[in-house]
Structures are given as C-alpha cells and as structure tokens.
Amino acid sequence: FRYKNRFRLSPAALETLALIAYRQPVTAVELQQLRGSCSTSLLRNLLERKLIRMAGRKSVVGRPILYATGSNFLTHFGLDTLEDLPRLEEVDEGEVSDSDQTKEGVEAGPS
C-alpha cells in the first residue's frame, strides 16, 4: 500500500535527513561539516517536501537558520514519534535489520 505522496530519497538526502533527525536543531553549516559537502539543495528539497522545517535561528553571529524534522517526517517513515527512531547505538552496532532500514516508499540501494 503506497501513499500517493510518497517519494524516493537519494542516499545524500537520507543522510542529511538522518543527521537532522538525530541532532536537531542543526544549522546548514553544521550539516556541511558533518557531511563534508554542501547540503543547500538537499535542504531546499527536504523543506519543499515538508520532511524538515525551519525551527528558528541560532543565537550566534549571523543568526543561521536551525533545521528540525517537519510535519511529513514521521508519516513518511511510518513512525509515531521521534522516540521510535532506532537508538544510535543500535545503528552503530548493526542491530537494525534490513527490513527496518527499508521503509515503504524508500528503497534501499544495491548492497
């Protein structure tokens, strides 16, 4: 059963979204430092799809925008709350099964 508003996300978009979900709120510069590449177009795409939202501004020079998960994030991944995300320790230890990683509407790439 697929929702008509489901869509595929690139590996880079999934990586960016995961960083935001686990570290929110986070700035674009912080994401760039974590990923090692610019995420501007990815952020714009995730904002358009309402997977992330602008969550205010950081109280530092330049007042950069803070990003957090958006209204479609939980629905897209079939979660009830952010607490349903796997703990980072589970992900790091490989305890998350392939079936947990592949949610409806998000397809895993070749192994």
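Being a predicted model, the structure only gives us computed values, none of them experimental.
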Colleague: Can you tell which of L85, L82, T69, L51 makes a side-chain contact (heavy atoms from CB on, under 4.5 Å) with L74?
Modeller: L82
Colleague: Would a single hydrophobic cluster contain both I52 and F73, if residues Ile, Leu, Val, Met, Phe, Trp and Tyr are joined by side-chain heavy-atom contacts under 4.5 Å?
Modeller: yes
Colleague: Sequence neighbours excluded, which residues qualify as side chain to side chain contact (heavy atoms under 4.5 Å, CB included) partners of D84?
Modeller: L79, D80, T81
Colleague: Please give me the minimum heavy-atom distance between I65 and M54, naming the atom from each residue.
Modeller: CG2-CG, 3.6 Å
Colleague: Begin with the C-alpha distance, continue with both residues' side-chain angles, and end with the deciding distance and a verdict on side-chain contact (heavy atoms from CB on, under 4.5 Å) for L43 and L31.
Modeller: CA-CA 10 Å; L43 291 174; L31 288 169; 3.6 Å; yes
Colleague: Among pairs that include at least one residue of residues 55-64, which meet side-chain hydrogen bond (donor to acceptor under 3.5 Å, both in side chains), considering only residues two or more places apart or in two chains?
Modeller: E30-K58
Colleague: Quick one: side chain to side chain contact (heavy atoms under 4.5 Å, CB included) partners of R53, sequence neighbours excluded?
Modeller: A55, A68
Colleague: In Å, rounded to the nearest 0.5 Å, how long is the span from CZ of R49 to CG of L47?
Modeller: 12.0 Å
Colleague: Does R23 CZ have over 12 foreign heavy atoms under 6.0 Å away?
Modeller: no
Colleague: How many angstroms lie between atom CG of L9 and atom NE2 of H76, to the nearest 0.5 angstrom?
Modeller: 4.5 Å
Colleague: Could you tell me which non-hydrogen atom of R35 sits nearest to which non-hydrogen atom of T16, and how far apart they are?
Modeller: CD-OG1, 3.2 Å
Colleague: Do you know the tightest heavy-atom contact between Y67 and I20?
Modeller: O-CG2, 4.0 Å
Colleague: Would L19 and V26 count as a side-chain contact (heavy atoms from CB on, under 4.5 Å) here? Give the steps.
Modeller: CA-CA 8 Å; L19 287 168; V26 63; over 6 Å; no
Colleague: Heavy atoms only: give me the nearest A13-L46 pair and the separation to one decimal.
Modeller: O-CD1, 4.1 Å
